[in-house]
Chemist: 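So that we are looking at the same thing, I have put the structure below in structure tokens.
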Amino acid sequence: MNQPKAFGTFTKRGDHTYRTSAYIQWGDSEQSIGACLLLNPGSADFNKINPDLKETLNTSFKAEGEIKPDPTMDQLMLLIEGIYGKVTPIAGRLHIYNLFNIQNAKSIHAIDQFEALINAGEYEITESLVTLNELQKHPWLLTGWGVERKAKWRNLEQAKKIWLNLISESKVPTFGKKHKVTNNYYHPCPLIPTRRPDMINDLLTIYQQKFNKQHFQS
């Protein structure tokens, strides 16, 4: 069985940990099989899998390696298996991008931290951006940064615009479950676990309609 593994790169500045890159790996191929743009990194870290890397992060303020998948990554694994099927082994990487890199399992707290750090000049709004060339390596991009909005989250709205401009310039096809009123997209991993299978089915249907491809389900 081709079990996927998750990898991440982290830095530490002051009281905050930042996940600057992450991907989920199937097999040995480094080829991209897709990418996603979410809100911010969740709870996945080095704990238990590699405690030495956790110590490296705390002493050298930078570390990279295998991480324990969080619920969002588990959902993304199911999505990839649904898109590419389970008949042949999946080989490649799903790259995970975020509107901002501050690691926090609670999204609302993370956004407030992001806003405060931007306003204090301690974080650049473009820190999570990748190059146009990197973005163009992906066959598609899933947008799913969540639908919650607050008027005070001005920097977050600006980050969305910057990312969307980059995506538009790249011409990489995108899909996601869009909110009926706003220009936001539902996160692929609902907080309520019982709603997660329905979200996977919704995203697979949207993918199939967008790319006119059959998806597979076990």
Chemist: If you compare all heavy atoms of Leu164 against all heavy atoms of Trp145, which two are closest, and at what distance to 0.1 Å?
Modeler: CD2-CH2, 3.8 Å
Chemist: Which atom pair, heavy atoms only, marks the closest approach of Glu124 to Ile118?
Modeler: C-CD1, 3.7 Å
Chemist: Run Asn101 and Thr11 through side-chain contact (heavy atoms from CB on, under 4.5 Å) and show every step you take.
Modeler: CA-CA 10 Å; Asn101 292 332; Thr11 61; over 6 Å; no
Chemist: Sort out for me which residue in Leu37, Asn184, Asn155 forms a side chain to side chain contact (heavy atoms under 4.5 Å, CB included) with Lys160.
Modeler: Asn184
Chemist: To the nearest 0.5 Å, what is the distance between OG on Ser128 and CZ on Arg19?
Modeler: 11.5 Å
Chemist: Taking everything shown except His179 itself, do over 12 heavy atoms lie less than 6.0 Å from its NE2?
Modeler: yes
Chemist: Report the residues that fulfil ring pair (Phe, Tyr, Trp, His ring centres under 6.0 Å) with Phe114, sequence neighbours left out, ordered by chain and then residue number.
Modeler: Phe100, Tyr123
Chemist: Is the count of non-hydrogen atoms from other residues, nucleotides or ligands lying under 6.0 Å from Asp28 atom CG greater than 12?
Modeler: no
Chemist: May I ask you to check whether over 12 heavy atoms, not counting those of Arg13, lie within 6.0 Å of atom CZ?
Modeler: yes
Chemist: Under a 4.5 Å side-chain heavy-atom rule over Ile, Leu, Val, Met, Phe, Trp and Tyr, are Ile111 and Val147 clustered together?
Modeler: no
Chemist: Report the distance from atom CZ of Arg195 to atom CG of Asp202, rounding to the nearest 0.5 Å.
Modeler: 12.0 Å
Chemist: Is there side-chain contact between Lys152 and Asp112, with at least one heavy-atom pair below 4.5 Å?
Modeler: yes
Chemist: Out of curiosity, does Leu94 fall in the hydrophobic cluster containing Ile200 (side-chain heavy atoms, cut-off under 4.5 Å, transitive links)?
Modeler: yes
Chemist: To the nearest 0.5 Å, what is the distance between CG on Asn98 and OG on Ser21?
Modeler: 10.5 Å
Chemist: Find out if a path of hydrophobic residues (ILVMFWY) with successive side-chain heavy-atom gaps under 4.5 Å connects Leu39 to Leu117.
Modeler: yes
Chemist: Judged by atom type as modelled, is there a donor-acceptor pair below 3.5 Å linking the side chain of Arg196 to the main-chain atoms of Pro190?
Modeler: yes
Chemist: If you take all heavy atoms of Glu148 and Trp153, which pair is closest and at what distance?
Modeler: O-CZ3, 3.7 Å
Chemist: Before giving the answer on side-chain contact (heavy atoms from CB on, under 4.5 Å), spell out for His187 and Thr72 the whole-Å C-alpha distance, their side-chain angles and the decisive distance to 0.1 Å.
Modeler: CA-CA 9 Å; His187 195 278; Thr72 294; 3.2 Å; yes
Chemist: So which atom in Pro69 and which in Met77 form the shortest heavy-atom distance, rounded to 0.1 Å?
Modeler: CG-CE, 3.7 Å
Chemist: Report yes if the side chains of Leu53 and Ile67 come closer than 4.5 Å at any heavy-atom pair, otherwise no.
Modeler: no
Chemist: Parallel, tilted or perpendicular for Phe7 and Tyr23, by the 30°/60° rule?
Modeler: parallel
Chemist: Is the backbone N or O of Ile167 less than 3.5 Å from a side-chain atom of Ser170, with the two atoms forming a donor-acceptor pair by type?
Modeler: yes
Chemist: Which heavy atom of Leu142 sits nearest to which heavy atom of Gly176, and what is that distance?
Modeler: CD1-CA, 3.9 Å
Chemist: Any side-chain heavy-atom pair from His16 and Asn104 closer than 4.5 angstrom?
Modeler: no
Chemist: Is the backbone of Pro188 close enough, under 3.5 Å, to the side chain of Gln75 for a donor and an acceptor to pair up by distance?
Modeler: yes
Chemist: Mind listing the closest non-hydrogen atom pair of Lys150 and Ile108 along with its distance?
Modeler: NZ-CG2, 4.1 Å
Chemist: How many angstroms lie between CD1 in Ile90 and CD1 in Ile24, if you round to the nearest 0.5 Å?
Modeler: 11.0 Å
Chemist: Would you call the rings of Phe175 and Phe211 parallel, tilted or perpendicular, where under 30° means parallel and over 60° means perpendicular?
Modeler: perpendicular
Chemist: Determine, stepwise, if the pair Lys178 / Thr143 fulfils side-chain contact (heavy atoms from CB on, under 4.5 Å).
Modeler: CA-CA 9 Å; Lys178 192 173 183 181; Thr143 45; over 6 Å; no
Chemist: Is a donor on one side and an acceptor on the other found under 3.5 Å between the side chain of Gln25 and the backbone of Gly27?
Modeler: yes
Chemist: Is it the case that the side chain of Glu64 and the backbone of Gly8 share a donor-acceptor pair, with hydrogens and angles ignored and the cut-off at 3.5 Å?
Modeler: no
Chemist: Atom CD1 of Ile192 and atom CG of Asp198: how far apart are they, to the nearest 0.5 Å?
Modeler: 11.5 Å
Chemist: Can you get from Ile96 to Ile162 by hopping between Ile, Leu, Val, Met, Phe, Trp and Tyr side chains that sit under 4.5 Å apart?
Modeler: no
Chemist: I need the His138 NE2 to Thr174 OG1 distance, nearest 0.5 Å.
Modeler: 13.5 Å
Chemist: Identify each donor-acceptor pair in which a side-chain atom of residues 129-136 lies under 3.5 Å from a protein atom, sequence neighbours left out, and give them as a table.
Modeler:
{"unit_1": "Thr131", "atom_1": "OG1", "unit_2": "Glu134", "atom_2": "N", "d": "3.1"}
{"unit_1": "Glu134", "atom_1": "OE2", "unit_2": "Tyr97", "atom_2": "OH", "d": "2.7"}

Chemist: Would Leu79 end up clustered with Val172 when hydrophobic side chains under 4.5 Å apart are linked, directly or stepwise?
Modeler: no
